[in-house]
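Everything quoted here is computed from the prediction, not taken from an experiment. Residue indices begin at 1 and follow the sequence shown. Indexing begins at 1, ligand by ligand and atom by atom, following the structure's order.
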Amino acid sequence: MADRSLAEVDPEIARCIALEEKRQHDKLRLIPSENYASAAVMEACGSVLNNKYSEGYAGRRYYEGQQNIDTVERLAIERLKALFGVDHANVQPYSGSPANLGVYFAFCSPGDTIMGMGLPSGGHLTHGWRVSITGKYFNAIQYGVRRDDHLIDFDEVASLAREHKPKLLFCGATAYPRIIDFAKFAEIARGVGAILVADIAHISGLVAAGAHPSPVGHAEVISSTTHKTFRGPRGGMIMCDEKHKKAIDRAVFPGLQGGPHNGTTAAIAIAAKLAMTDEFKAYAQAIVDNSRVLADTLLSRGFDLVTGGSDNHLILIDLTGKDVPGKVAAQALDRAGMVANYNSVPFDTRKPFDPSGIRLGTPAITSRGMGSDEMKRLGNWMADVVEDVENEALIARIAGEIKNLCDQFPAPGVPVE
Ligand code: DSN
């Protein structure tokens, strides 16, 4: 039984995977937190490393049989240290939210004051938003963006920090299309004795490749996922200054988690190795270039972009002026072969489950090798659909054109029949 193939054992799940392969091939995947992991990363995730328990750290485990796992984890750590120029890396967090919880557990007790960017301004749930454990167990102070230009309001960050004296100050975002000024955040954190935590989940690939400024030297602690622009497995990591190494490691294990997912650790090591190449540097720069061309095309078609454009991998469209809600637009775009997500915009008057915006990004389509010509076509297709969301004939025609384009740009790691 244990030797039988997936198709034999479970044809229903095998069919779901086959259909998902087709979907990931046939459509333009524009959700900015998604990507195509490379074939080597996928191979490591599905390897025998899955079968091993390894609680503890290399050389200090609670299980025998770590001859190979210790090497894997040491390789991942050393590569990340070299790639980002950090003192220490912990590669065991299961994903971004556990990585951030590990950071809280390393430095805070329940009730302590922390600060982060509010979710409606483009922050993350785990930066202290009220429905998250981080908003319930800590005294979470939330900063936002300015009403006029939607850029981070550093006057507000500084005055809230002075007033509340947080232990941790989180910076980093999930829906902010501009460069994060880590130096400015560091100055504010220093002024009030806070530890600055840079959550670079969305931009870690850009940072690794120099396509976005690095928080290293500004933030004492850096958290991230590994599957977004970094193009690795679904996982998390925490990097930090030497002085925080013990606290971070203890917080992740035994504080928060049990055994690390060793296949993921191996895949992080592979992603780090790939991120050191010139090819990856060119890829990261192309993500940013593509985002700018796509933003310019959308602007030329009369779209209102939050902050007026993009200088990273993502674009946030405010559809208020187009008189179509984000969800309706996102659903029409999906039918046409463009998969984005509906999203709140700053100071949104609509509810989060039915907001005014669409969030999109270029990491996955850039992994397919698409460039500025394709971005211009994409921007115009998006505009055509959003301006006519009920025109199913138009949507079907565009879906066909997109399928043809996708056939010309195969997705890495996705088998095509
Ligand atoms: N779910 C991620 C995103 O889409 O940005 C953040 O956790």
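Interface atoms of ligand 1 facing H202, defined by a heavy-atom separation under 4.0 Å, are 3 (C), 5 (O). Atoms of ligand 1 lying under 4.0 Å from at least one heavy atom of H124, given by number and element, are 6 (C), 7 (O).
Between Y104 and Y137, the gap from one ring centroid to the other reaches at least 6.0 Å.
Of the charged side-chain nitrogens involved, at least one lies within less than 4.0 Å of a carboxylate oxygen, so that D384 and R301 count as a salt-bridged pair.
At a cut-off of 3.5 Å, with distance as the only test, a side-chain donor of D289 or Q285 sits close to an acceptor on the other residue.
Using cut-offs of 30° and 60° for the angle between ring planes, the Y94 and H261 rings count as parallel.
Of the options H313, H212, H124, H227, a ring pair (Phe, Tyr, Trp, His ring centres under 6.0 Å) to H202 is made by H313 and by none of the others.
Distances from atom 1 (N) of ligand 1 to the protein include no heavy-atom value under 4.0 Å.
In R359, the part holding a heavy atom less than 4.0 Å from any atom of ligand 1 is the side chain.
Of the polar atoms of S33, at least one N or O is found under 3.5 Å from an N or O of ligand 1, judged by distance alone.
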